[in-house]
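It should be emphasised that the depicted structure is a prediction, and the values quoted were computed from it without experimental measurement.
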Amino acid sequence: MNTLETITEAFVKESRENYFDSILSDIEDAEEDIVTDSVYIILNLCRVLAYKRERLILSKKEGGEWGLKNLPEKYHALILQALGEYTVDEVKEWNETDTREYALYMLEEIRDFR
C-alpha cells in the first residue's frame, strides 16, 4: 500500500467512525425517547442497524424501507406507521408497549454487531 492509499484509508476509517458515532448518539436514549418521539427513533434505529450491518448511509425514509426488508415481520406495522407519519403526516396513536419492545430489540441487535 502506498502512502496515498494509507492516508485515504485513515480518513475513510475516521469518517466512518464519526458517522457511526453521530447516528449512534441519536438513539442513545431510544428506550425512553421512543415514547415521545416514536417516528424519529423508529426510523433512526433502522438507519443505525443498516449502517452497522451493511455500512449503508440512509435517510430516515430509506432506513424504514430497509427495516421492512430486513427486520422481523412483527415490527413491520410499527415501521409502516412511522413511515406514514414521516412522509404524509398520518398521525396515529402509538402503542407504548410495542414501541418499547421494538427499541429494546433494535438496541440489542445494534449492540450485538458492535
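- A salt bridge links R53 with E109; the closest basic N to acidic carboxylate O contact falls under 4.0 Å.
- With sequence neighbours excluded, no residue forms a ring pair (Phe, Tyr, Trp, His ring centres under 6.0 Å) with Y86.
- Considering only heavy atoms from C-beta on, L68 stays 4.5 Å or farther from Y75 through its side chain.
- Put simply, the side chain of E65 never gets that close to the backbone of L83: no donor and acceptor are under 3.5 Å apart.
- Remark: side-chain polar atoms of N95 are paired, donor with acceptor, to backbone N or O of D98 under 3.5 angstrom.
- Distance check: T99 OG1 to W94 CH2 gives 8.0 Å after rounding to the nearest 0.5 Å.
- In terms of modelled atom types and a separation under 3.5 Å, the side chain of D37 and the main chain of D33 share no donor-acceptor contact.
- The backbone N or O of G63 sits nowhere less than 3.5 Å from a side-chain atom of R47 that would complete a donor-acceptor pair.
- Under the 4.5 Å side-chain heavy-atom criterion for Ile, Leu, Val, Met, Phe, Trp and Tyr, L104 and V39 are members of distinct hydrophobic clusters.
- A donor-acceptor pair under 3.5 Å is formed between the side chain of H76 and the backbone N or O of L71.
- Within the model, atoms CG of L49 and CD of E108 stand 11.5 Å from one another, a figure rounded to the nearest 0.5 Å.
- When the side chain to side chain contact (heavy atoms under 4.5 Å, CB included) test is applied to A103, the partners found at least two apart in sequence or on another chain are I34, L45.
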> Can you check side chain to side chain contact (heavy atoms under 4.5 Å, CB included) on K60 and N44, steps first, answer last?
Replying inline: CA-CA 6 Å; K60 287 178 195 63; N44 269 335; 3.8 Å; yes
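- Side-chain contact between W66 and L58: present, with at least one pair of heavy atoms (C-beta onward) separated by less than 4.5 Å.
- Here the side chain of Y102 pairs a donor or acceptor atom with the backbone of I42 at under 3.5 angstrom.
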